[in-house]
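Some notes on the structure that comes next.
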Amino acid sequence: MDKHFYITTPIYYVNDVPHIGHAYTTLACDVLARYKRSRGYEVAFLTGTDEHGQKVETAAKANGETPLELADRVVKRFQALWEKLNCSHTDFIRTTQERHKHTVCEQFKKIEASGDIYLGYYEDWYCTPCETFWTETQLLDGTCPDCGRETSKLKEESYFFKMSKYQDQLIKHIEDHPEFIQPKSRRNEILSFVREGLRDLSISRTSFSWGIPVPGNEKHVLYVWFDALTNYISALGYPEDKEGQFEKFWPAVHVIGKDILRFHAVYWPTFLMAAGLPLPEKIFAHGWWTVEGQKMSKSLRNVVEPNMLVDKYGVDAIRYFLLREVPFGLDGDFSHSALVNRVNSDLANDLGNLVSRTTAMLGKYFQGELPAPGPLSETDQALVERFPKTLEKVDKQLEEMAFNKALMSIWELISAGNKYIDDTAPWTLAKNPEQQEQLGTVMYNLLEGIRIISLLVAPFMPETGAKIQTILGCDGNNLVLEGQDQWGGLQPGVQIEKAAPLFPRIETE
RNA sequence: GGCGGUGUAGCUCAGUUGGUUAGAGCAUGCGGCUCAUAUCCGCAGUGUCCGGAGUUCGAAUCUCUGCACCGCCA
């Protein structure tokens with residue numbers, strides 16, 4: 001079995017500042033990366049920034065700075081956010097880095113050498129105020145569909161990639177690999193798009209200069225997607241692969257927002273085909289967040305700022321909410337009331353309180369010293385047996401990137417723990433000295449259950465996982481399921497103090 | 001306009017190949033417990049399964065049709 005795993009976020013465009021959408025994508029990747037590590041995989045987790053293109057060039061000019069100065073500034077904000085959100089990426093790539101430019105040039109030369117790139121003319125309608133090209137059919141009565149102003153026909157020399165050549169090969173690949181594009185609804189969209197026919201793709205521009213020059217023809221810079229998509233292999237050191245990273249990790253799982261699906265599911269695979277490289281393992285397009293029921297937009301000024309959320313609610317609460325609230329792949333709504341509701345009922349009442357009441361009872365009944373379990377009753381047995389079943393289920397669900405389902409499965413364990421306390425009524429057992437052993441078994445089972453729960457929860461909420469491990473006297477830096485997911489990991493005799501509340505309830509008026 | 005999807009409890013949704021009384025969480029109401037962060041556990045609901053027609057012994061599920069909303073393409 002291949003114990004390597006490569007997961008990527010898109011590289012984020014520096015013309016935008018980080019918002020909840022960026023955070024969502026990156027966190028989803030982080031959860032998967034952490035889970036895979038926890039399962040013994042060597043993980044490469046890549047994120048980064050897309051820094052070229054006309055919009056950046058223009059924005060920088062307007063700010064009186066160079067494009068690179070602008071990028072440097074924005075990159076810091078992304079990096080700071082990932083740190084704040086506890087993201088465990090192993091590399092951060094910038095398209096302005098030499099290693100990236102090198103790979104892009106090599107990739108261009110390779111495809112050109114195979115005869116799939118040719119020089120032609122790119123002809124379209126251009127809206128000067130919007131600085132955007134439109135195709136004939138996109139125009140509304142000959143005017144710009146965005147602003148309604150006049151457009152003019154512009155003819156520009158351009159390099160083209162023979163994308164049309166790969167149409168059938170791509171269709172076949174998508175048909176043969178049902179998991180390639182997910183969710184299914186997106187797969188169908190792409191399939192019907194490709195079946196309608198692929199045109200050759202313009203991959204260079206002469207109208208601006210902030211980009212990677214075309215090898216051998218400096219008048220042209222490479223079109224932003226040819227440049228950007230290549231990051232997934234340039235970060236691995238392709239083509240020289242001096243450190244063997246490409247060999248080890250490619251192909252990747254790409255997690256993206258649904259808006260950039262076509263570039264990843266059509267352009268990128270055909271580029272790879274032309275270069276003779278294996279296609280990505282999986283491309284998963286997730287949905288968008290609305291905010292309090294409204295579309296997020298700069299003009300509505302409702303863009304959710306992740307830093308503020310973390311300061312207000314804590315990292316783990318945000319991480320939990322984003323991945324629990326909505327099925328990955330569907331759109332969701334972000335609202336403060338939903339967030340507070342989740343934190344209070346799931347985190348404070350269910351998980352936090354389970355840890356509190358259990359550790360409190362251990363203190364009260366055993367002075368905090370973990371007793372050895374005795375023989376198991378039917379009730380005990382039923383609880384214990386849930387764990388291996390859930391571990392297996394969660395593994396499947398995360399394989400399918402069904403984060404919310406995985407969390408629901410974990411929460412079934414937490415509920416079972418709370419119910420187990422009710423069923424066994426330790427406070428009653430404690431009154432009868434003859435039931436001391438039975439009481440000890442109950443306490444052991446609860447704490448051992450909490451130990452496994454903490455490891456399951458750790459990829460989603462690393463701080464919480466570590467906190468609970470520490471409370472139990474385990475290593476909070478070793479949040480690994482592999483080899484530690486068997487029942488009975490806790491050693492009787494360890495001292496466990498009553499835990500402070502993990503998640504204080506958020507009181508609302 | 002073409003293709004695809006969705007419509008189930010107050011809210012968010014799950015419902016496998018058609019098969020007993022249609023489910024979960026949250027919210028609501030009632031009861032129980034006292035270890036716990038006033039937390040936990042149990043019980044109770046309410047549903048024209050979007051409308052209509054059809055196939056079938058039997059339809060939330062299959063077919064046709066109408067309506068509403070959404071996505072992709074043009």
Side-chain angles (χ1 to χ4, degrees), chain A residues 134-140 145 181 183-199 257-263 265-266 285-288 290 292-293 295 317 321 324-335 337-366 368 379 383 397 402 404-405 407-412 414-431 439 442-443 445-447 450 464 471 496-508:
Chain A
W134 302 101
T135 61
E136 184 94 37
T137 52
Q138 284 175 317
L139 297 183
L140 297 174
I181 301 167
K184 215 182 196 169
S185 54
R186 300 289 164 201
R187 173 178 181 265
N188 292 342
E189 281 175 13
I190 290 296
L191 209 42
S192 63
F193 173 78
V194 180
R195 281 181 180 142
E196 276 171 36
L198 292 182
R199 298 197 305 176
K258 61 183 183 181
D259 55 323
I260 52 175
L261 178 62
R262 195 201 298 175
F263 307 108
V266 181
H286 65 67
W288 278 145
T290 52
E292 308 288 347
K295 211 171 160 181
F321 177 82
R324 171 62 185 80
E325 186 69 2
V326 174
F328 205 54
L330 298 186
D331 290 351
D333 183 53
F334 182 93
S335 76
S337 64
L339 173 57
V340 168
N341 196 35
R342 284 271 168 226
V343 170
N344 283 348
S345 61
D346 298 357
L347 299 181
N349 295 353
D350 294 346
L351 174 59
N353 188 48
L354 175 65
V355 174
S356 289
R357 64 197 302 215
T358 303
T359 53
M361 284 190 282
L362 188 73
K364 204 167 264 189
Y365 306 141
F366 292 94
T379 310
L383 178 78
Q397 287 162 332
N404 69 323
K405 285 188 187 171
L407 283 168
M408 283 190 249
S409 302
I410 298 168
W411 252 253
E412 282 173 18
I414 293 168
S415 296
N418 277 319
K419 186 166 162 48
Y420 177 72
I421 295 179
D422 236 63
D423 290 343
T424 56
W427 48 91
T428 307
L429 298 175
K431 288 176 186 151
L439 177 62
V442 168
M443 294 316 303
N445 289 342
L446 279 169
L447 287 153
I450 289 171
T464 302
I471 289 166
I496 297 170
E497 302 301 321
K498 181 186 183 319
L502 290 172
F503 298 95
R505 283 180 63 85
I506 302 167
E507 301 301 338
T508 49

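Note on naming: letters A, B, ... go to the chains in the order of the sequence lines (proteins, then strands), and numbering restarts at 1 for each one.
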Q) Is there a side-chain polar atom (N or O) of A/Lys364 under 4.0 Å from OP1 or OP2 of B/A36? A) yes
Q.
Measuring only the C1' atom in each nucleotide, how far is B/A9 from B/A27? A whole number of Å is fine.
A. 11 Å
**Q.** Residue A/Ser345, side-chain heavy atoms: nucleotide from B/G4, B/C72, B/C26 that is nearest
**A.** B/C26
(Q) Using whole Å, what does the distance between atom P of nucleotide B/G25 and atom NZ of A/Lys419 come to? (A) 12 Å
Q) What integer number of Å spans the P atoms of B/C43 and B/C26? A) 14 Å
**Q.** Gap between atoms CD1 and C1', on A/Ile414 and B/G25 respectively (whole Å)
**A.** 14 Å
Q) What's the CG-C1' distance between A/Asn353 and B/C41, to the nearest Å? A) 12 Å
Q: Give the nucleotide from the list B/A27, B/C35, B/C73 with an atom nearest to the side chain of A/Arg262.
A: B/C73
Q.
Suppose you measure atom C1' in B/C50 against the same atom in B/A68; what distance do you get, rounded to whole Å?
A. 8 Å
Q. Rounding to the closest angstrom, what is the interatomic distance between B/A59 and B/U8 at atom C1'?
A. 14 Å
Q.
Can you measure A/Asp346 atom CG to B/G25 atom P for me and round it to whole angstrom units?
A. 12 Å
**Q.** Selected nucleotide, minimal atom distance to A/Asn188 side chain, candidates B/C72, B/U37, B/G4
**A.** B/G4
Q.
Taking the C1' atom in each of B/C69 and B/G51, what is the distance between them to the nearest angstrom?
A. 15 Å
(Q) Using the side-chain heavy atoms of A/Asn341, tell me which of these nucleotides is nearest: B/U37, B/C26, B/C35. (A) B/C26
**Q.** Nearest-Å distance once atom C1' is located in both B/A44 and B/C35
**A.** 27 Å
Q. Taking CG from A/Leu191 and C1' from B/C73, how many angstroms apart are they, rounded to a whole number?
A. 13 Å
Q: Could you please name the option among B/C41, B/A36, B/U37 that lies closest to any side-chain atom of A/Ala360?
A: B/A36
Q. Where do A/Asp346 and A/Phe321 land on the side chain to side chain contact (heavy atoms under 4.5 Å, CB included) test, with the steps shown first?
A. CA-CA 10 Å; A/Asp346 298 357; A/Phe321 177 82; over 6 Å; no
(Q) If you compare every side-chain N and O of A/Asn349 against the phosphate oxygens of B/U37 (OP1, OP2), does one of them come in below 4.0 Å? (A) no
Q: Would you mind telling me which of B/C73, B/C33, B/C41 lies closest to the side-chain atoms of A/Ser415?
A: B/C41
Q: For B/C13 versus B/G7, give the span between their C1' atoms, rounded off to a whole number of Å.
A: 12 Å
Q. Given the C1' atoms of B/U63 and B/U20, what is the spacing between them in whole Å?
A. 26 Å
Q: With the side chain of A/Lys498 defined as its heavy atoms from C-beta on, choose the nearest nucleotide among B/A36, B/C72, B/C41.
A: B/A36
Q) Quick one: A/Met408 CE to B/C13 C1', roughly how many Å, whole number? A) 8 Å
Q.
Please pick, from B/U34, B/U39, B/C41, the nucleotide with the shortest atom-to-atom distance to any side-chain atom of A/Arg505.
A. B/U39
Q) What nucleic acid atoms does A/Phe503 come within less than 4.0 Å of, heavy atoms only: base, sugar-phosphate, or nothing? A) base
**Q.** Which nucleotide in B/U37, B/C40, B/G4 has an atom nearest any side-chain atom of A/Asn418
**A.** B/C40
